[in-house]
Enquirer: 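Mind looking over this structure? Questions follow.
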There are 2 protein chains.
Amino acid sequence: MRESPSTGTRPVARPAPLRQAVYDALAELIANGTLRPGQHLVESDLAEYLGVSRQPIREALQRLQGDGWVELRPAHGAFVHTPTEEEIVQLLGVRSVLEAYSAHGAAQHAIPADIARLRELQAAGEAALAADDARGLVDANTAFHSYLVHISGNKVLADLISQVERRVRWYFMPTALPRGTDAWAEHASVIAAIADGDAECAQRLMRDHTERTTEFYRQDAVTPAQAPVG
Amino acid sequence: MRESPSTGTRPVARPAPLRQAVYDALAELIANGTLRPGQHLVESDLAEYLGVSRQPIREALQRLQGDGWVELRPAHGAFVHTPTEEEIVQLLGVRSVLEAYSAHGAAQHAIPADIARLRELQAAGEAALAADDARGLVDANTAFHSYLVHISGNKVLADLISQVERRVRWYFMPTALPRGTDAWAEHASVIAAIADGDAECAQRLMRDHTERTTEFYRQDAVTPAQAPVG
DNA sequence: GGCGGGTACATTGCATACAAGGAGCGTTTA
DNA sequence: TAAACGCTCCTTGTATGCAATGTACCCGCC
């Protein structure tokens, strides 16, 4: 995570692995609601719809299962995962401790350039907030948290957070942003703690931040696709 | 996690999904060192070796990648993952926060029967320790931590911990057990905190416990396959 | 009218076949 | 002799085909 962006050898263009494209397409179809929770995904239908054979479909479905998007019942096929209220709360709880740990590590490893970058992302988030740009706000939020774990340098943590984050983003569709103002103010305080190199403080602030988001969710929104980001 | 053991409908016998058997076989081959880190896994070779076609092999490899056992470089194939010192430390760090959170949840949700079960597992661990039974100790340790997250009732957490735990178990082969005595004493204090319903205390004790294990590892063992469990 | 059985269909699981891409190696030439 | 080119083989990626299994519907029987 600490390496320069050009570390991964990517000469000029990659041959475009088909299963990856299928994965992205299906994940998007699930995230935007085209494929509804509980729906039975028939391999041949998907294959025809996407214009490929069943093989890449199958491989994509396996990965989708691994990431919690679908359930693969043996000999029955794939079903779009139906998130329960309980599961969402659990997911938010796990995200909270992981993000807190991420902030802890970031405070320990951040260099001045990282702080500057965080402030840029913060500014971008506030701009999106001012513009009532829900989509931009979600992106900025993701970028902020993702850069935090990048700073921490913990690849294992980055993997786990990205798994959790993807599912959280699914449940928390980019429609409502009532918590945006508070959330980004809290981001600012986290940045301050990281700039001070105070790992404990950053960790505590981040935990408070994400727990407030969780609490906000538990009180208000009940159904996915209309909850805040944070 | 809280449901009765008979919840999952399992009529009489399951048809044994082949890809699952392949996954287990390959994971075992990697864990016990038959397939060495960095080794190139050729699909057709594995297929012939296991007596199946390439299809189940491919599907198993995808899952193995998702769980961090192999790396799948597009157009190059699968390579057994080579764990770095840095990655192991990161893995232990993540495990620490997840297990602490698990203990926190367990303290909140434990019922008397759970406490009793934990004490049984504790006794089993101490028995294995007394008998210098490394394998039994590893199993008991896994059972202990896995029952904790079961008590917490957090399925998402259980999934993540199991992912991390599998990899930790790979690196920490069941050979040495110098930290066993301290580790199980610390387990006992965690149980006490859970019995008291003191979530904060349980969380803190568990974090201290796993962080001590991490520190123990960083000081002593450097190579996998000869480190303690905890 | 309700229940049981049987058949046909739909879908998954697995195997095989084909095509494309890359790596390694040998040969050839300057 | 060294370097560059080209070729061949190997491996992966994708597609198609076949068999087994589970499901649903329909018909017949009680």
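Note: hydrogens, waters and symmetry copies are ignored here, and every other heavy atom, side chains too, is used. Labels below follow one simple rule: chain letters A, B, ... track the order of the sequence lines, proteins then strands, and each chain is numbered from 1. The model shown is predicted, which means the values in this text are computed figures rather than measured ones.
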Enquirer: Applying side-chain hydrogen bond (donor to acceptor under 3.5 Å, both in side chains), name anything that partners A/Glu165, two or more places apart in sequence or on another chain.
Expert: none
Enquirer: Within this structure, what is the CZ-to-P distance between A/Arg19 and D/dA15, rounded to whole angstrom?
Expert: 13 Å
Enquirer: Go through the structure and list residues passing side-chain contact (heavy atoms from CB on, under 4.5 Å) with A/Ala106, not counting sequence neighbours.
Expert: A/Leu148, A/Ile151, A/Ile194
Enquirer: Specify the separation, in whole Å, of atom OH of B/Tyr23 and atom P of C/dG13.
Expert: 18 Å
Enquirer: Using the test side-chain hydrogen bond (donor to acceptor under 3.5 Å, both in side chains), find all partners of A/Ser96 that sit at least two apart in sequence or belong to another chain.
Expert: A/Thr210
Enquirer: Think B/His76 has a side-chain N or O under 4.0 angstrom from the OP1 or OP2 of C/dA23?
Expert: yes
Enquirer: Do the charged groups of B/Glu87 and A/Lys155 touch, with an N to O distance under 4.0 Å?
Expert: no
Enquirer: Among residues 43-73 of chain B, which residues get a heavy atom nearer than 4.0 Å to DNA chain D?
Expert: B/Glu43, B/Arg54, B/Arg58
Enquirer: Please list, chain by chain and in numerical order, all residues satisfying side-chain hydrogen bond (donor to acceptor under 3.5 Å, both in side chains) with B/Gln65, sequence neighbours excluded.
Expert: none
Enquirer: Using only side-chain N and O atoms of A/His40, determine if any of them is under 4.0 Å from OP1 or OP2 of C/dT12.
Expert: yes
Enquirer: Rounded to whole Å, how long is the line connecting atom CG of B/Leu18 with atom C1' of D/dC18?
Expert: 16 Å
Enquirer: For residues 22-30 of chain A, tabulate all N or O donor-acceptor pairs below 3.5 Å that involve a side-chain atom, not counting sequence neighbours.
Expert:
residue	atom	partner	partner atom	Å
A/Tyr23	OH	A/Asp67	OD2	2.5
A/Asp24	OD1	A/Gln20	NE2	3.2

